[in-house]
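Data first, discussion second: the structure below is written as structure tokens.
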Amino acid sequence: ACLVGSEMCIRDSLKAVFHLIRYCMRKEGKDMAGRKRKKKRNRYRKHIIIWILLLLVTAHFCGGKLQQTLHKMPGETDWELIVVNKWNTIPDGYQTELTTLSNGKQVDSRIYPALQDLFDAMRADGIYPIVREGYRTTTDQQSILDDKIKAYEQEGLSSLLAKKMASEWVAAPGTSEHQLGIAVDINADKTKSTNDEVYTWLAEHAWEYGFILRYPKEAESVTGITYEPWHWRYVGVENALAIRASGLSLEEFIALQRAD
């Protein structure tokens with residue numbers, strides 16, 4: 001039996017969620033990208049809510065020990081669930097094959113089909129997105145950080161404070177998901193849509209294509225980055241569904257998976 005306060009219970013609960021999700025997806029069919037999925041989604045969502053509640057209640061009682069694991073994540077062999085942030089750098093030897101988009105931006109070739117499907121669905125709904133940022137080199141990331149620091153200094157902030165403020169918005173080289181190629185900043189084609197329209201649609205549907213809001217509100221202490229409604233990270237459809245349903249950040253989700 002699961003005892004309150006046992007992190008093993010969290011892991012077992014999360015595994016149960018995954019098994020239930022897979023069962024429901026098989027029962028409802030594997031085509032999660034079809035536009036007829038809304039009614040189906042509501043049916044299987046009801047089945048997982050009890051497990052999600054169990055997971056979150058258990059996590060509450062395990063909070064003390066679990067919090068210690070959030071800033072130092074274990075090495076992840078599944079590329080879809082790699083955690084990169086200010087406490088966890090890009091794995092040594094990490095390589096990616098890139099696909100170049102029509103606007104010149106690049107993404108990991110493994111996420112390109114899902115990204116294309118997502119954009120096609122948005123356009124079908126009359127919303128027109130663009131990839132504002134995709135893959136970045138180390139040099140690109142350093143340049144963006146330097147520019148942010150300089151902008152704060154020009155506003156009158158000291159060098160130390162400017163660096164602190166900039167770090168809340170821009171990751172240091174080696175700690176940015178953009179260097180993985182599996183995260184994208186999605187904004188609107190301003191001639192046809194607004195950013196709010198894009199962000200609202202993504203918040204409702206991006207998970208269906210395997211993307212999660214990487215930096216949600218009120219998670220800055222865990223993610224290390226301020227809320228960004230434009231930054232979407234590919235984790236795969238099943239993981240995206242579980243993360244969305246749980247309301248957790250990627251760090252919290254991985255910590256619960258690995259708790260022992």
Side-chain angles (χ1 to χ4, degrees), residues 5-18 21 48 51-92 94 108 111 133 136 141 145 164 167-185 202-203 206-207 210-260:
S6 168
E7 292 181 2
M8 184 67 75
C9 185
I10 299 177
R11 186 179 63 187
D12 292 343
S13 298
L14 189 57
K15 286 181 178 179
V17 171
F18 278 132
I21 289 171
I48 70 172
W51 284 106
I52 293 297
L53 289 174
L54 173 62
L55 175 64
L56 294 178
V57 169
T58 306
H60 172 75
F61 286 100
C62 295
K65 186 175 179 182
L66 183 62
Q67 180 64 32
Q68 299 173 10
T69 72
L70 291 178
H71 286 170
K72 189 59 180 177
M73 309 301 295
E76 182 55 62
T77 57
D78 184 351
W79 67 272
E80 293 179 344
L81 293 177
I82 290 174
V83 174
V84 170
N85 55 30
K86 65 173 60 178
W87 303 282
N88 299 273
T89 58
I90 296 172
D92 292 338
Y94 183 86
D108 187 308
I111 79 166
E133 290 289 343
R136 293 175 186 160
Q141 192 65 31
L145 179 59
K164 180 179 183 300
S167 69
E168 295 179 2
W169 291 98
V170 181
T175 68
S176 170
E177 284 195 335
H178 284 290
Q179 293 178 255
L180 295 175
I182 57 177
V184 287
D185 290 349
L202 289 170
W207 71 269
F211 291 85
I212 60 167
L213 178 64
R214 182 63 180 88
Y215 305 121
K217 292 180 179 178
E218 300 179 356
E220 290 88 346
S221 64
V222 175
T223 65
I225 297 292
T226 303
Y227 169 60
E228 293 187 354
W230 54 82
H231 186 105
W232 293 84
R233 159 69 187 272
Y234 185 81
V235 295
V237 174
E238 289 189 15
N239 292 325
L241 171 57
I243 292 171
R244 173 184 166 84
S246 70
L248 301 174
S249 66
L250 180 60
E251 284 84 355
E252 293 165 322
F253 180 76
I254 298 297
L256 291 177
Q257 271 193 308
R258 295 303 182 106
D260 53 24

Requested in this report: Under the salt bridge (charged side-chain N to carboxylate O under 4.0 Å, His left out) rule, collect the residues that match up with Lys86, sequence neighbours excluded.
Outcome: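 With neighbours one apart ignored, the set is empty.
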List the residues meeting side chain to side chain contact (heavy atoms under 4.5 Å, CB included) with [X], not counting sequence neighbours, and say none if there are none.
{"X": "Ile225", "value": "Tyr215, Thr223, Glu228"}
{"X": "Ile212", "value": "Arg233, Val235, Ala240, Ile243, Leu250"}
{"X": "Thr89", "value": "Thr175"}

Query - Pairs satisfying salt bridge (Lys or Arg N to Asp or Glu O under 4.0 Å), at least one member in residues 214-226, at least two apart - result: Glu177-Arg214, Arg214-Glu251
Do [X] side-chain atoms and [Y] backbone N/O form a donor-acceptor pair below 3.5 Å?
{"X": "Gln141", "Y": "Ala171", "answer": "yes"}
{"X": "Ser167", "Y": "Lys164", "answer": "yes"}
{"X": "Trp232", "Y": "Pro229", "answer": "yes"}

Requested in this report: Go through the steps for Leu213 and Tyr227 under the test side-chain contact (heavy atoms from CB on, under 4.5 Å), then give the verdict.
Outcome: CA-CA 9 Å; Leu213 178 64; Tyr227 169 60; 4.0 Å; yes
Query raised in the report: Using the ring of each side chain (for Trp, its six-membered ring), is Trp230 parallel, tilted or perpendicular to Trp169, with breaks at 30° and 60°?
Result: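 The arrangement is parallel - the two ring planes meet at less than 30°.
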Query raised in the report: So, for Gln179 and Ala172, which heavy atoms are closest and what is the spacing to 0.1 Å?
Result: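 Answer, listing the atom of Gln179 first, then Ala172: OE1-O, 4.2 Å.
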Query raised in the report: Minimum heavy-atom separation for Trp79 to Ile111, with atom names?
Result: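 Reported closest heavy-atom pair: CZ3-CG2, 3.9 Å.
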Report task. Could you list the residues that satisfy side-chain hydrogen bond (donor to acceptor under 3.5 Å, both in side chains) with Glu133, not counting sequence neighbours? Result ->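 Listed in chain order: Arg136.
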Requested in this report: Starting at CG of Leu81, measure out to CG of Asn239 and round the result to the nearest 0.5 Å.
Outcome: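 Leu81 CG to Asn239 CG: 4.5 Å, rounded to 0.5 Å.
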Query raised in the report: To the nearest 0.5 Å, what is the distance between NE2 (His231) and CZ (Phe211)?
Result: 11.0 Å
Query - Steps toward side-chain contact (heavy atoms from CB on, under 4.5 Å) verdict (Tyr234, Leu180) - result: CA-CA 11 Å; Tyr234 185 81; Leu180 295 175; over 6 Å; no
